[in-house]
Amino acid sequence: MGILDSKIPSGPLADKWTQHKNDIDLVNPANKRNLDIIVVGTGLAGGSAAATFAELGYNVKTFCYQDSPRRAHSIAAQGGINAAKNYQGDGDSNYRLFYDTVKGGDYRSREANVYRLAEVSGNIIDQCVAQGVPFAREYGGLLDNRSFGGVLVSRTFYAKGQTGQQLLLGAYAAMNRQINRGKIKAYNRHEMLDLVLVDGKARGIIARNLVTGEIERHSAHAVVLASGGYGNVFFLSTNAMGSNVMAAWRAHRRGAYFANPCYTQIHPTCIPVSGEHQSKLTLMSESLRNDGRIWVPKRIEDAKAIREGKMKPTQLSEEERDYYLERRYPAFGNLVPRDVASRAAKERCDAGFGVNRTGQAVFLDFKSAIERYGKEQAQIHGIGNPSKEKITELGEGIIEAKYGNLFQMYEKIVDENPYKTPMMIYPAVHYTMGGLWVDYNLQTTIPGCYAAGEANFSDHGANRLGASALMQGLADGYFVLPYTIGDYLSHDIRTGTIPTDSPEFDAAEKDVRDRIKRLMSGKGKHSVDHYHKELGHIMWNKCGMSRNAQGLQEAIEEISALRADFWENVRVPGSADNLNQELEKAGRVADFLELGELFAKDALDRNESCGGHFREEYQTKDGEALRDDINFKFVSAWEYKGEPKDAVLHKEDLVYENIELKTRSYK
Ligand SMILES: Cc1cc2nc3c(=O)[nH]c(=O)nc-3n(C[C@H](O)[C@H](O)[C@H](O)COP(=O)(O)OP(=O)(O)OC[C@H]3O[C@@H](n4cnc5c(N)ncnc54)[C@H](O)[C@@H]3O)c2cc1C
């Protein structure tokens, strides 16, 4: 076991980033023109990084498996992006954003990184506004804010329920400017299948052209992986169907340590699973918890009657409802962090109070908000003694203006009108805090290989607060990497173009071709989806919202056996020489089958509960996560050694000099 050096600059917390930027080496503009950077992934993290590198003068090649950067999973982000602008005057500051994020992550993140994140958060909003991102505005013209979980201020900037889409259009426009200038060469419909190391440094990738099937070599002086998260290891998640771990995992196989794989976020407000044939889950944005109240019936007989369709939720009076988050956490109420809200929903459903056919759903109800807004509107419009119907009509108008597209989406999927009857929601896999281990410069343990956005582990500890992923991805891409990568590249100004005909490229290409051949030559018993679903069942049942040692041990054995069966029996039809989506899926599922086992091993090793990692053996008498700061205040970073069971653990000790470690409480 080794100890990792995170290269955190010395000095006071608030000065570290400025001082670091002053200290690191720069590359002059003429030399930048001779340096090449590969960016794998063109979501918010990769798109913003690529555009900024090219703007600085580097030659950039981008890769994504979609037909356009515009289709990255980032486009799905709904609710918003955090920044400590304090437009509301409600007491926000860089320190509070930093504090909330560290506490939200259950004291398992790196102070220096999180402070930097808070520090640059305001710049992100300015940058995006300059690009024309249409954030919601208040009457007076200032940008509007709403609240997300785990905080007591309003710092979330949003563009209706389409924040990710609007931000991505901004980053994509910035990329396009550089594509037009010839500074970015975009390889869409290309999948990175391996990382190439020359003399121990990342010097390129092997990619497959997904349309022609051709295997290509691409070289560069540095490689940035911004390839997103791995929630789809659970098969069912809110992630885009294509989201996968391949780029990060292939780098892991080449020597990049994988950090905290077991830290997964289960989001409390998703549309519940409806059956075995489903392949995707839908998120109902956390922003809805600004106005929606979560409840189940107080009496178990009422829950049963609702499940059996003998009673409607609207028939229950206020006294007959248990607003369990408001009851248990009066200070934060419905806006407790996601891990807390998810476990509380599971607790109620496990106790028999679930409200849908499967017993795995709770209500998210807008009745109070509709009434409150309706009365306010009546007052504003001078309507004296408004009828109940008028209040409802006016209130629904406000809810529609705020969340209309989310309500429409719910109605389309569930076929129930959420203005009239409460939504039914249940937790689902949503985000992965784990990822490639990176130091303060966002460099992995492979020199010249960087990781950004959801693909790295850096800022969220054991639980990410809502609206912080977009902030982190854009901080990494627009404001951190452009500085830190220059420091590394300043040593490469005389290197010249990296050739792709070296033995290292030959060997990496051969590995890729052999692996594809192996995938194509399975005995053909079961489809790729069959294995993916089986893996998802194991992950959800034994590594999901709560975990215990026995289940995790079983998961390790079951996943290992499933992987062996996959390589022997998988069916991949068609050929490798042209478009073949089953082959693409097979490559991704093969990696999930390794990651899944490492995930369980990591969860088994961490004998404590923190944030999204809930070990049943370690809980308070109220059922809250019980951390062990004496033995587990570290980042787990796993080194690849062949089979996941042989992975070697390295630790980065987390040092808290500015925040006192406390029991996390939202009461
Ligand atoms: C439904 C939903 C709603 C969300 N809402 C919010 C929100 O309101 N606020 C918030 O802060 N966060 C939100 N999140 C989280 C946030 O959207 C993601 O964490 C974030 O967008 C990830 O951005 P990224 O750039 O790291 O990765 P992604 O956007 O996932 O992009 C990954 C990129 O990598 C490419 N790629 C991957 N593998 C390869 C490969 N092998 N070869 C080539 N290319 C590859 C893909 O093509 C893609 O371009 C939400 C998430 C979901 C699922």
Side-chain angles (χ1 to χ4, degrees), residues 38-50 62-83 124 146 148 156-168 171-172 186-195 205-208 210 218 224-232 237-251 265 267 269-271 280-287 338 406 409 428-433 435 451-456 460 464-474 476-477 584 587-588 591:
I38 284 176
V39 181
V40 178
T42 51
L44 282 175
S48 57
T62 60
F63 293 80
C64 71
Y65 57 74
Q66 291 93 347
D67 57 358
S68 158
R70 276 187 53 197
R71 296 197 197 284
H73 157 70
S74 288
I75 206 165
Q78 300 172 349
I81 174 167
N82 289 331
I124 299 172
R146 53 190 177 198
F148 265 55
T156 304
F157 294 77
Y158 65 99
K160 227 176 184 184
Q162 310 172 339
T163 315
Q165 178 173 356
Q166 299 306 328
L167 292 171
L168 191 59
Y172 177 57
Y187 294 85
N188 303 338
R189 301 295 282 129
H190 276 68
E191 184 157 63
M192 167 188 158
L193 297 183
D194 212 342
L195 181 73
I205 64 168
I206 306 292
R208 180 166 179 270
L210 298 178
H218 296 272
V224 174
L225 302 178
S227 46
Y230 53 85
N232 280 345
S237 87
T238 62
N239 290 9
M241 293 290 288
S243 294
N244 69 88
V245 78
M246 181 185 283
W249 197 254
R250 302 293 163 99
Q265 177 162 91
H267 197 299
T269 58
C270 303
I271 297 182
K280 173 87 186 74
L281 293 175
T282 306
L283 174 77
M284 288 285 106
S285 168
E286 180 164 305
S287 58
R338 294 172 180 178
L406 301 171
M409 195 162 80
V429 172
H430 180 64
Y431 182 90
T432 43
M433 280 75 69
E454 196 172 338
N456 74 26
H460 309 294
R464 172 177 71 82
L465 290 183
S468 287
L470 302 185
M471 172 174 66
Q472 181 230 324
L474 290 179
D476 290 357
E584 290 168 33
R588 296 167 190 171
D591 290 340

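Each ligand, and each atom within it, is numbered from 1 in the order the structure gives.
- No side-chain donor from either of Glu286 and Thr269 sits under 3.5 Å from a side-chain acceptor of the other.
- Residues Phe63 and Ile38 meet the side-chain proximity criterion, which asks for heavy atoms closer than 4.5 Å.
- Within the 4.5 Å cutoff, no side-chain heavy atoms of Ser243 are placed close to those of Tyr230.
- Looking at Asn244 and Glu584, their side chains never bring a donor and an acceptor atom within 3.5 Å of each other.
- Sorted by chain and number, the residues within 4.0 Å of ligand 1 by heavy atom are Val40, Gly41, Thr42, Gly43, Leu44, Ala45, Phe63, Cys64, Tyr65, Gln66, Ala72, His73, Ser74, Ala76, Ala77, Gln78, Gly79, Gly80, His190, Glu191, Met192, Ala226, Ser227, Gly228, Thr238, Asn239, Ala247, Leu283, His430, Tyr431, Gly453, Glu454, Arg464, Ala467, Ser468, Ala469, Leu470.
- No side-chain donor-acceptor contact under 3.5 Å links Ser68 and Asn188.
- Cation-pi geometry between Arg338 and Tyr431 is not satisfied (NZ or CZ under 6.0 Å from the ring centre, within 45° of the ring normal).
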